[in-house]
Amino acid sequence: MIPLSSYLVLSAVLFFIGVVGVLMRRSIIVVLLSIELMLNAVNINFVAFSHYLESITGQVFVFFTLTVAAAEVAVGLALLIAIYRNRRTVNVEELDVMKW
Amino acid sequence: MMEAMFIYLATVCVVCAVLTVTLRQPVYNVLSLLTLFFHVAGLYVLLNAEFLAVVQIIVYAGAILVLYLFVLMLLNVRTQSRHLHRQWPFAVLILGAVGAMLVGALHSGVWGSASGESTAAAIHEIGDTQAIGLRLYTDYLLPFEVASLVLLVAMIGAIVLTKKSLIDDHIDQIKE
(Lines give C-alpha, C1' and ligand atoms only; values in the text may rest on other atoms or scores of the structure.)
Protein backbone atom coordinates (compact mmCIF):
# COMPACT_ATOMS: atom_id res chain seq x y z
CA MET A 1 0.00 0.00 0.00
CA ILE A 2 1.37 3.40 -1.00
CA PRO A 3 1.17 5.94 1.86
CA LEU A 4 -0.76 9.18 1.35
CA SER A 5 2.39 11.20 2.06
CA SER A 6 4.15 9.95 -1.08
CA TYR A 7 1.32 11.34 -3.23
CA LEU A 8 1.48 14.62 -1.33
CA VAL A 9 5.25 14.88 -1.80
CA LEU A 10 4.90 14.17 -5.55
CA SER A 11 2.16 16.79 -5.80
CA ALA A 12 4.24 19.36 -3.89
CA VAL A 13 7.25 18.73 -6.17
CA LEU A 14 5.14 19.16 -9.32
CA PHE A 15 3.53 22.33 -7.91
CA PHE A 16 6.95 23.77 -7.07
CA ILE A 17 8.24 23.06 -10.59
CA GLY A 18 5.13 24.81 -11.90
CA VAL A 19 5.85 27.90 -9.77
CA VAL A 20 9.43 27.90 -11.07
CA GLY A 21 8.09 27.91 -14.62
CA VAL A 22 5.64 30.75 -13.97
CA LEU A 23 8.22 32.98 -12.29
CA MET A 24 11.40 32.27 -14.25
CA ARG A 25 10.49 31.82 -17.91
CA ARG A 26 10.00 34.60 -20.43
CA SER A 27 7.66 32.92 -22.89
CA ILE A 28 3.91 33.29 -22.20
CA ILE A 29 3.34 29.82 -23.63
CA VAL A 30 5.60 28.18 -21.04
CA VAL A 31 3.97 30.28 -18.29
CA LEU A 32 0.52 29.00 -19.32
CA LEU A 33 1.82 25.41 -19.51
CA SER A 34 3.28 25.80 -16.00
CA ILE A 35 -0.14 26.91 -14.72
CA GLU A 36 -1.58 23.70 -16.21
CA LEU A 37 1.16 21.78 -14.40
CA MET A 38 0.22 23.43 -11.08
CA LEU A 39 -3.47 22.66 -11.60
CA ASN A 40 -2.57 19.02 -12.22
CA ALA A 41 -0.50 18.88 -9.06
CA VAL A 42 -3.52 20.13 -7.11
CA ASN A 43 -5.72 17.54 -8.83
CA ILE A 44 -3.38 14.73 -7.74
CA ASN A 45 -3.77 16.02 -4.19
CA PHE A 46 -7.56 16.06 -4.45
CA VAL A 47 -7.77 12.51 -5.82
CA ALA A 48 -5.26 11.18 -3.28
CA PHE A 49 -7.20 12.71 -0.38
CA SER A 50 -10.47 11.45 -1.89
CA HIS A 51 -9.05 7.92 -1.89
CA TYR A 52 -7.45 7.96 1.55
CA LEU A 53 -10.19 9.90 3.38
CA GLU A 54 -12.82 7.72 1.65
CA SER A 55 -14.91 10.61 0.36
CA ILE A 56 -15.93 11.02 -3.30
CA THR A 57 -16.19 14.84 -2.95
CA GLY A 58 -12.51 15.25 -3.85
CA GLN A 59 -13.13 13.74 -7.26
CA VAL A 60 -16.08 16.09 -7.81
CA PHE A 61 -13.76 19.03 -7.12
CA VAL A 62 -11.26 17.71 -9.69
CA PHE A 63 -14.13 17.89 -12.15
CA PHE A 64 -14.60 21.60 -11.39
CA THR A 65 -10.85 22.22 -11.64
CA LEU A 66 -10.93 20.66 -15.10
CA THR A 67 -13.73 23.03 -16.10
CA VAL A 68 -11.83 26.07 -14.87
CA ALA A 69 -8.64 24.82 -16.59
CA ALA A 70 -10.48 24.48 -19.90
CA ALA A 71 -11.93 28.00 -19.56
CA GLU A 72 -8.52 29.36 -18.56
CA VAL A 73 -6.84 27.81 -21.60
CA ALA A 74 -9.47 29.16 -23.99
CA VAL A 75 -9.23 32.73 -22.67
CA GLY A 76 -5.44 32.55 -22.12
CA LEU A 77 -4.70 31.40 -25.65
CA ALA A 78 -7.14 33.97 -27.07
CA LEU A 79 -5.26 36.68 -25.15
CA LEU A 80 -1.97 35.22 -26.41
CA ILE A 81 -3.18 35.47 -30.02
CA ALA A 82 -4.45 39.02 -29.46
CA ILE A 83 -1.14 40.07 -27.87
CA TYR A 84 0.90 38.45 -30.62
CA ARG A 85 -1.24 40.14 -33.27
CA ASN A 86 -0.73 43.59 -31.76
CA ARG A 87 2.81 43.40 -30.35
CA ARG A 88 4.49 40.63 -32.41
CA THR A 89 5.93 39.09 -29.26
CA VAL A 90 5.16 36.34 -26.74
CA ASN A 91 7.72 37.60 -24.24
CA VAL A 92 6.38 38.65 -20.83
CA GLU A 93 9.26 41.12 -20.28
CA GLU A 94 8.14 43.25 -23.21
CA LEU A 95 4.54 43.52 -21.97
CA ASP A 96 5.19 46.38 -19.56
CA VAL A 97 2.61 49.00 -20.59
CA MET A 98 0.94 48.93 -17.17
CA LYS A 99 4.22 48.86 -15.23
CA TRP A 100 4.83 51.89 -12.98
CA MET B 1 3.40 -4.18 -7.84
CA MET B 2 1.47 -1.02 -6.86
CA GLU B 3 4.67 0.46 -5.41
CA ALA B 4 6.63 -0.25 -8.60
CA MET B 5 3.88 1.36 -10.71
CA PHE B 6 3.79 4.39 -8.43
CA ILE B 7 7.56 4.84 -8.53
CA TYR B 8 7.56 4.59 -12.33
CA LEU B 9 4.65 7.05 -12.74
CA ALA B 10 6.02 9.52 -10.18
CA THR B 11 9.51 9.48 -11.71
CA VAL B 12 8.19 10.09 -15.23
CA CYS B 13 5.90 12.84 -13.91
CA VAL B 14 8.74 14.72 -12.23
CA VAL B 15 11.10 14.29 -15.22
CA CYS B 16 8.40 15.49 -17.64
CA ALA B 17 7.58 18.45 -15.39
CA VAL B 18 11.24 19.51 -15.33
CA LEU B 19 11.43 19.14 -19.12
CA THR B 20 8.22 21.18 -19.53
CA VAL B 21 9.75 24.07 -17.64
CA THR B 22 13.31 23.88 -18.99
CA LEU B 23 13.13 22.90 -22.69
CA ARG B 24 13.61 25.71 -25.20
CA GLN B 25 11.38 24.73 -28.12
CA PRO B 26 7.72 25.46 -27.23
CA VAL B 27 6.53 22.33 -29.10
CA TYR B 28 8.79 20.14 -26.93
CA ASN B 29 7.38 21.83 -23.80
CA VAL B 30 3.85 20.95 -24.89
CA LEU B 31 4.76 17.36 -25.80
CA SER B 32 6.48 16.70 -22.47
CA LEU B 33 3.44 18.10 -20.67
CA LEU B 34 1.32 15.70 -22.76
CA THR B 35 3.42 12.77 -21.48
CA LEU B 36 2.98 14.09 -17.95
CA PHE B 37 -0.81 14.20 -18.32
CA PHE B 38 -0.89 10.56 -19.46
CA HIS B 39 1.12 9.51 -16.41
CA VAL B 40 -1.09 11.57 -14.10
CA ALA B 41 -4.01 9.60 -15.56
CA GLY B 42 -2.10 6.46 -14.56
CA LEU B 43 -1.84 7.81 -11.01
CA TYR B 44 -5.63 8.32 -10.97
CA VAL B 45 -6.11 4.67 -11.94
CA LEU B 46 -3.86 3.66 -9.02
CA LEU B 47 -6.15 5.74 -6.76
CA ASN B 48 -9.33 4.03 -8.02
CA ALA B 49 -10.50 7.12 -9.94
CA GLU B 50 -11.02 5.51 -13.36
CA PHE B 51 -13.56 8.08 -14.55
CA LEU B 52 -11.19 10.97 -13.85
CA ALA B 53 -8.35 9.11 -15.57
CA VAL B 54 -10.40 8.88 -18.77
CA VAL B 55 -11.56 12.51 -18.44
CA GLN B 56 -7.96 13.57 -17.88
CA ILE B 57 -6.89 11.95 -21.16
CA ILE B 58 -9.91 13.21 -23.16
CA VAL B 59 -10.02 16.78 -21.84
CA TYR B 60 -6.40 17.58 -20.96
CA ALA B 61 -4.51 15.52 -23.53
CA GLY B 62 -7.21 15.53 -26.19
CA ALA B 63 -8.58 19.07 -26.02
CA ILE B 64 -6.38 21.44 -24.03
CA LEU B 65 -2.96 20.40 -25.33
CA VAL B 66 -4.21 20.10 -28.91
CA LEU B 67 -5.40 23.70 -28.54
CA TYR B 68 -1.90 24.68 -27.38
CA LEU B 69 -0.27 22.89 -30.32
CA PHE B 70 -2.77 24.49 -32.70
CA VAL B 71 -1.96 27.99 -31.44
CA LEU B 72 1.79 27.27 -31.54
CA MET B 73 1.56 26.17 -35.18
CA LEU B 74 -0.60 29.23 -35.94
CA LEU B 75 1.78 31.76 -34.38
CA ASN B 76 5.08 30.23 -35.54
CA VAL B 77 6.93 31.61 -32.51
CA ARG B 78 10.67 31.87 -32.93
CA THR B 79 12.91 30.52 -30.18
CA GLN B 80 14.60 33.17 -28.10
CA SER B 81 18.26 33.48 -27.21
CA ARG B 82 17.55 34.15 -23.52
CA HIS B 83 14.97 32.10 -21.61
CA LEU B 84 15.07 33.27 -18.03
CA HIS B 85 13.08 36.30 -16.93
CA ARG B 86 15.36 39.22 -16.08
CA GLN B 87 13.81 39.42 -12.60
CA TRP B 88 14.92 35.89 -11.76
CA PRO B 89 16.85 36.78 -8.54
CA PHE B 90 13.59 38.16 -7.13
CA ALA B 91 11.81 35.01 -8.34
CA VAL B 92 14.29 32.84 -6.41
CA LEU B 93 13.31 34.66 -3.20
CA ILE B 94 9.60 33.95 -3.79
CA LEU B 95 10.41 30.34 -4.72
CA GLY B 96 12.24 29.94 -1.41
CA ALA B 97 9.14 31.16 0.45
CA VAL B 98 6.81 28.87 -1.55
CA GLY B 99 9.13 25.91 -1.03
CA ALA B 100 9.29 26.57 2.72
CA MET B 101 5.48 26.74 2.88
CA LEU B 102 5.13 23.43 0.98
CA VAL B 103 7.69 21.68 3.22
CA GLY B 104 5.98 23.11 6.30
CA ALA B 105 2.56 21.91 5.12
CA LEU B 106 3.95 18.42 4.44
CA HIS B 107 5.61 18.30 7.85
CA SER B 108 2.49 19.41 9.75
CA GLY B 109 0.81 16.09 8.96
CA VAL B 110 -2.70 17.33 9.81
CA TRP B 111 -4.51 15.34 7.16
CA GLY B 112 -7.76 14.30 8.83
CA SER B 113 -9.01 10.78 9.17
CA ALA B 114 -11.01 8.48 6.92
CA SER B 115 -14.69 9.45 6.89
CA GLY B 116 -15.76 6.05 5.57
CA GLU B 117 -18.74 7.51 3.66
CA SER B 118 -17.54 6.11 0.33
CA THR B 119 -14.92 3.43 0.79
CA ALA B 120 -13.13 1.75 -2.11
CA ALA B 121 -15.48 -1.23 -1.78
CA ALA B 122 -18.60 0.96 -1.81
CA ILE B 123 -17.40 2.85 -4.90
CA HIS B 124 -16.47 -0.42 -6.58
CA GLU B 125 -19.99 -1.71 -5.99
CA ILE B 126 -21.87 1.10 -7.77
CA GLY B 127 -19.00 2.18 -10.04
CA ASP B 128 -16.80 5.27 -9.93
CA THR B 129 -18.77 7.20 -12.56
CA GLN B 130 -22.09 6.61 -10.80
CA ALA B 131 -20.63 7.60 -7.45
CA ILE B 132 -19.34 10.93 -8.85
CA GLY B 133 -22.60 11.53 -10.73
CA LEU B 134 -24.71 10.93 -7.64
CA ARG B 135 -22.70 13.46 -5.66
CA LEU B 136 -22.43 15.94 -8.53
CA TYR B 137 -26.15 16.07 -9.33
CA THR B 138 -27.36 16.22 -5.72
CA ASP B 139 -25.04 18.12 -3.36
CA TYR B 140 -23.13 20.02 -6.05
CA LEU B 141 -25.90 20.83 -8.52
CA LEU B 142 -25.57 24.61 -8.21
CA PRO B 143 -21.75 24.64 -8.66
CA PHE B 144 -22.27 22.34 -11.66
CA GLU B 145 -24.60 24.86 -13.28
CA VAL B 146 -22.23 27.73 -12.42
CA ALA B 147 -19.43 25.75 -14.11
CA SER B 148 -21.47 25.63 -17.31
CA LEU B 149 -21.83 29.42 -17.09
CA VAL B 150 -18.03 29.74 -16.65
CA LEU B 151 -17.52 27.71 -19.82
CA LEU B 152 -20.05 29.84 -21.70
CA VAL B 153 -18.31 33.06 -20.64
CA ALA B 154 -14.92 31.60 -21.62
CA MET B 155 -16.27 30.57 -25.02
CA ILE B 156 -17.72 34.01 -25.76
CA GLY B 157 -14.60 35.69 -24.39
CA ALA B 158 -12.28 33.62 -26.59
CA ILE B 159 -14.35 34.40 -29.69
CA VAL B 160 -14.51 38.13 -28.93
CA LEU B 161 -10.78 38.34 -28.13
CA THR B 162 -9.60 36.55 -31.26
CA LYS B 163 -12.06 37.99 -33.76
CA LYS B 164 -10.02 40.74 -35.35
CA SER B 165 -12.75 42.66 -37.16
CA LEU B 166 -14.84 43.10 -34.00
CA ILE B 167 -12.07 44.93 -32.15
CA ASP B 168 -11.04 46.95 -35.20
CA ASP B 169 -14.65 48.01 -35.90
CA HIS B 170 -14.98 49.14 -32.31
CA ILE B 171 -11.75 51.14 -32.50
CA ASP B 172 -12.94 52.72 -35.77
CA GLN B 173 -16.22 53.69 -34.13
CA ILE B 174 -14.37 55.33 -31.25
CA LYS B 175 -12.15 57.26 -33.68
CA GLU B 176 -15.17 58.50 -35.59
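Just so we're on the same page: letters track the sequence lines, and every chain starts at 1. Keep in mind that the numbers below use all heavy atoms, side chains included, and drop hydrogens, waters and symmetry copies.
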Parallel, tilted or perpendicular: rings of A:Phe63 and B:Phe144 (30°, 60°): parallel
Shared hydrophobic cluster, B:Phe70 / B:Tyr68 (ILVMFWY, side-chain heavy atoms < 4.5 Å): no
Proximal component of A:Ala69, with respect to chain B [non-hydrogen, under 4.5 Å]: both
Exercise: identify the closest heavy-atom pair between A:Arg25 and B:Arg24: NH2-CA, 4.4 Å
From A:Phe46, A:Phe49, A:Tyr52, residue fulfilling side chain to side chain contact (heavy atoms under 4.5 Å, CB included) relative to B:Leu47: A:Tyr52
CZ-OH distance between B:Phe6 and A:Tyr7, expressed to the nearest 0.5 angstrom: 5.5 Å
Pairwise side-chain contact, A:Gln59 with B:Asp128, heavy-atom cut-off 4.5 Å (strictly under): yes
Shortest non-hydrogen contact from B:Ala49 toward A:Val47: CB-CG1, 3.8 Å
Pairs of heavy atoms under 4.5 Å with chain A: top-ranked of B:Val18, B:Leu36, B:Ile132: B:Ile132
Largest heavy-atom contact set with chain B, pairs under 4.5 Å, which of A:Leu14, A:Val13, A:Leu4: A:Leu14
Contact class of B:Leu72 relative to chain A, heavy atoms under 4.5 angstrom: side chain
Toward chain A, the part of B:Ala63 with a non-hydrogen atom under 4.5 Å: neither
Winner by heavy-atom pair count (cut-off under 4.5 Å) against chain A, out of B:Asn29, B:Leu136, B:Leu75: B:Leu75
Separation between CG of A:Leu33 and OG of B:Ser32, rounded to the nearest 0.5 Å: 8.0 Å
Engaged part of B:Val103 at the chain A interface, taking heavy atoms whose separation is under 4.5 Å: neither
Note, B:Asp139 side chain near A:Thr57 side chain (heavy atom, < 4.5 Å): no
Hydrophobic cluster identity match, A:Phe16 and B:Val92, side-chain contacts under 4.5 Å: yes
CG-OH distance between A:Leu66 and B:Tyr60, expressed to the nearest 0.5 angstrom: 5.5 Å
Chain A interface, residue from B:Phe51, B:Tyr44, B:Trp88 that has the most non-hydrogen pairs under 4.5 Å: B:Tyr44
A:Ala71 versus B:Ala154, closest heavy-atom pair with distance: CB-CB, 3.5 Å
Residue part contacting chain A, namely of B:Leu95, when any heavy atom lies under 4.5 Å: both
Nearest heavy-atom neighbours spanning A:Leu10 and B:Cys13: CD1-CB, 4.4 Å
Part of B:Leu106 lying under 4.5 Å from any heavy atom of chain A: side chain
Among the listed options B:Val59, B:Asn48, B:Val98, B:Leu134, the residue most often paired with chain A at heavy-atom distances under 4.5 Å: B:Asn48
A:His51 NE2 to B:Leu46 CG distance, which is reported to the nearest 0.5 Å: 9.0 Å
ILVMFWY cluster, A:Val20 and B:Leu102 together (side-chain gap under 4.5 Å): yes
When A:Asn43, A:Val9, A:Val68 are compared by non-hydrogen pairs under 4.5 Å with chain B, the top option: A:Asn43
Working for side chain to side chain contact (heavy atoms under 4.5 Å, CB included), residues B:Leu74 and A:Tyr84: CA-CA 11 Å; B:Leu74 201 71; A:Tyr84 188 77; over 6 Å; no
Side chain, backbone, both or neither of B:Ser148 within contact of chain A (heavy atoms, under 4.5 Å): neither
Euclidean distance, A:Leu32 CG relative to B:Leu33 CG, rounded to 0.5 Å: 11.0 Å
Nearest-0.5 Å distance, CD1 of residue A:Ile56 to CD of residue B:Gln130: 10.5 Å
Same cluster (ILVMFWY, side-chain, under 4.5 Å), A:Met24 and A:Leu95: yes
Under 4.5 Å from a heavy atom of chain A, the part of B:Phe90 involved: neither
Common cluster, B:Tyr28/B:Ile64, ILVMFWY with side-chain heavy-atom separation under 4.5 Å: no
Heavy-atom pair count under 4.5 Å with chain B, highest-scoring of A:Asn40, A:Leu23, A:Leu37: A:Asn40
Derivation and outcome, side chain to side chain contact (heavy atoms under 4.5 Å, CB included), residues A:Ser34 and B:Val21: CA-CA 7 Å; A:Ser34 301; B:Val21 171; 4.1 Å; yes
Contact leader toward chain A among B:Ile94, B:Val150, B:Leu151, where contacts are heavy-atom pairs under 4.5 Å: B:Leu151
Any donor-acceptor N/O pair, A:Arg85 side chain to B:Thr162 backbone, under 3.5 Å: yes
Between A:Val30, A:Leu77, A:Ile81, A:Val75, the one whose heavy-atom pairs under 4.5 Å with chain B are most numerous: A:Leu77
Contact check, side chains of A:Ile44 and B:Leu43, non-hydrogen atoms, under 4.5 Å: yes
